[in-house]
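Numbers here simply count residues along the sequence, with the first being 1. Since this is a predicted model, take the numbers as computed values, not measurements. These numbers come from the heavy atoms of this one structure, side chains and all, not from hydrogens, waters or symmetry mates.
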Amino acid sequence: MAKRKQAYSPWPDTVWHSSGNGAPQGLADEVRKRLQEMAAGRIQSFRESEVAGVPDGVQFDAAWRERDGGRIKARLRISAESRIEGLLDILLARQTRWTLTAEADRPWCHSWESPVSVFFPEKKPNLWANDWVTGSLRMLKFSRVGNEIMGSISGVLKELAQQSQYTVVITHDSRSEEEIADLPAPALSPLLPIGLLGRVLEIRAVSGQDEQFNDVLGTEHHVTLPMDGAVILPSNPRKDGFGRSFYSVAPGRKDSFESLLKLTAERLVECAAVPAHFSPGVREGLHCLRTDWVLPEVVPCIDHLTKKNESLQATVTRLRAELDQGQSREKEALRRLEQATSAERRLRERPVYQELTDALEELQEARSGLEAAQLLLDGNASEIAWLRGELARVPGRAYAEPAPVQADGPSSWDELIEFAGELMPHIRIGDVEKPLSKIRGHEKEKLWLRRTWASLEALEAYAQAKEVHGAGVLPNFAAYLKWPHATVLVPPHLHASLESKISRAGVHAKSYQARIFHIPQQGHVFMGEHFRIGGITPPAPRMHTYDDLTGESKLIHVGYIGPHIPTNADRG
């Protein structure tokens with residue numbers, strides 16, 4: 001069982017790894033020349049050595065620093081060994097094998113330069129830019145497959161899916177050979193971040209080849225290549241978090257092929273951002289890199305340290321100013337709360353039957369003031385707790401000092417949905433437009449919008465913490481609110497884990513059905529868990545959610561944002 005878990009775990013997010021085939025002669029000489037050129041300023045140091053036990057094996061180590069201060073050490077191994085015996089031997093000409101593993105001191109950023117650009121000559125891709133499996137698929141352009149590969153396409157795709165260093169994309173151009181020759185289509189690679197160079201293979205199916213590909217893709221990989229579309233080949237084992245529909249990219253009715261490639265590139269970057277399974281090849285390369293590294297470590301850039309120190313000092317200054325402002329807001333909120341409480345007390349002391357209409361109006365006004373004051377206090381308490389927690393992480397500081405200015409939240413419901421889609425990978429907001437339309441334009445809309453965004457931020461923080469610490473520590477969001485290490489919180493009374501008085505049958509059946517919402521690819525589910533984003537005064541908005549972090553989708557789904565859905569007791 002332990003071996004199975006290890007094999008299916010993702011590789012560290014600090015690692016970059018790839019491998020491929022190169023020219024049988026001269027590749028090592030070209031790498032040596034390239035590193036000598038780069039040593040003039042791009043890299044800090046490099047070293048060449050033999051690979052013990054590998055005939056004609058040579059390895060090159062290099063260390064460098066990225067412009068943002070990221071420190072990287074990398075190892076390239078070149079060998080004439082043959083790796084595959086049997087099925088794919090006939091596809092491989094005599095070529096040189098290479099494996100490149102790099103590790104950074106922080107999570108790898110795709111905007112960094114690809115390690116292959118450091119080791120290999122830029123203007124001679126024919127020397128190195130062929131894939132590890134067949135030796136004929138190219139890393140810098142798309143590859144069209146001939147009959148010799150199409151005859152073994154099942155084995156080729158199976159092998160590629162198991163090579164965790166590659167993200168394989170199959171695109172389709174249905175035009176005839178004559179049309180393609182007159183107006184060639186562009187490749188996908190120029191649209192990708194530079195850090196993915198050497199880790200993406202594009203196979204271009206032409207004319208009727210999509211049918212041959214789909215015979216294999218549908219039965220063995222459970223995905224489909226649309227006509228004039230694209231499909232990402234799922235890795236084996238598959239990465240978590242992506243449903244079957246994610247992998248296929250279908251063209252729009254009026255989209256050009258260039259538009260399809262752009263959309264495919266965006267989908268591919270999203271897929272590549274999730275580390276693949278820790279395959280034996282990656283594990284071996286990383287172990288080798290870590291155990292016998294002899295070059296001096298790359299030292300942090302002095303300018304970078306200076307800027308970081310200045311940034312910390314500026315953060316401390318902002319924290320202090322923010323704490324002062326927070327304390328002032330808290331005093332004002334307490335004053336308003338006292339006024340509202342006194343007004344309500346005076347109303348309760350008046351005779352029940354005297355000036356009944358005026359009393360009811362004043363009571364409504366007083367409750368509104370009390371609610372607004374309580375909301376302000378809630379926001380301040382959460383904000384100050386977060387600020388103190390952040391300040392405690394600054395060396396030499398204490399909880400009594402303040403936090404950086406938080407980013408502005410969305411200014412409209414449309415922005416909230418858009419920002420959540422971009423910034424919260426664990427949150428999926430469903431079709432909430434119809435109930436939202438009933439609270440748009442309300443005088444308290446900004447207050448509700450801010451509270452909804454704060455609730456979504458807390459849900460995302462809970463999802464990320466659960467990924468790290470597991471369901472045993474954080475079985476649900478209610479447990480997260482009580483967790484001492486929680487970084488983003490909402491007041492507990494704003495969250496209701498379920499509506500216990502609502503049952504599936506009997507007098508509550510109608511209320512139960514009103515809280516069932518649709519989740520793509522999973523169907524309809526009951527969403528009793530909800531957030532009180534408004535008070536008790538109608539429309540008293542609520543946000544209903546469904547926690548599926550341990551389920552099929554690995555997401556938290558938002559099925560409803562709108563006026564309070566009544567129960568039989570008309571409470572919630």
Quick check for you: to the nearest 0.5 Å, what is the distance between Leu76 atom CG and Asp61 atom CG?
9.5 Å
Distance only, no hydrogens: is a donor on one side chain within 3.5 Å (strictly under) of an acceptor on the other, for His172 and Gln209?
no
Does anything in residues 221-251 form a ring pair (Phe, Tyr, Trp, His ring centres under 6.0 Å)? List the pairs, not counting sequence neighbours.
Phe242-Phe246
Residues in side chain to side chain donor-acceptor pair (under 3.5 Å) with Arg290, at least two apart?
Glu103
Would Ser259 and Ser256 count as having a side-chain donor-acceptor pair, cut-off 3.5 Å?
yes
Checking Gln521 against Ser553: is there a side-chain donor and acceptor pair closer than 3.5 Å?
no
Side-chain (His287) to main-chain (Gly285) donor-acceptor, under 3.5 angstrom
no
Can the positive tip of Arg204 be found less than 6.0 Å from the middle of the six-membered ring of Phe142, inside 45° of the ring normal?
yes
Is the shortest side-chain heavy-atom distance between Leu201 and Tyr166 below 4.5 Å?
yes
Going through the checks in order, is the salt bridge (Lys or Arg N to Asp or Glu O under 4.0 Å) test met by Arg440 and Asp414?
CA-CA 11 Å; Arg440 290 181 186 270; Asp414 295 331; 3.1 Å; yes
Any side-chain donor near an acceptor of the partner, Asn21 and Trp128, under 3.5 Å:
no
Determine whether a donor-acceptor pair (N or O, by modelled atom type, separation under 3.5 Å) exists between the side chain of Thr264 and the backbone of Leu260.
yes
Sequence-distant partners of Lys158, salt bridge (Lys or Arg N to Asp or Glu O under 4.0 Å), two or more places apart
none
Would you confirm whether Ser143, through its side chain, and Leu137, through its main-chain N or O, come within 3.5 Å as a donor-acceptor pair?
no
Flag the pair Ile78 / Arg97 as yes when at least one side-chain heavy-atom distance between them is below 4.5 Å, and no otherwise.
no
So, using salt bridge (Lys or Arg N to Asp or Glu O under 4.0 Å) as the criterion, who are the partners of Glu50 when residues are at least two apart?
none
Less than 4.5 Å apart, any side-chain heavy atom of Val432 and any of Trp413?
no
Check whether the side chains of Ser19 and Gln165 place a donor and an acceptor atom closer than 3.5 Å, and report yes or no.
yes
Just so I know, are the side chains of Phe119 and Leu100 near enough to count as touching, which here means a heavy-atom distance under 4.5 Å?
yes
Non-neighbouring partners of Glu177 that pass side chain to side chain donor-acceptor pair (under 3.5 Å), sequence neighbours left out
Arg144
Looking just at side-chain N and O atoms, do Ser174 and Asp228 make a donor-acceptor pair shorter than 3.5 Å?
yes
Exam field: side chain Arg138 to backbone Ile203, donor-acceptor pair closer than 3.5 Å
no
Those residues that, when tested against Glu220, pass side chain to side chain donor-acceptor pair (under 3.5 Å) (two or more places apart):
Ser154
Side-chain donor-acceptor pair under 3.5 Å between Glu460 and His426, yes or no?
yes
Please determine, by modelled atom types, if Asn476 and Tyr462 share a side-chain donor-acceptor pair under 3.5 angstrom.
no
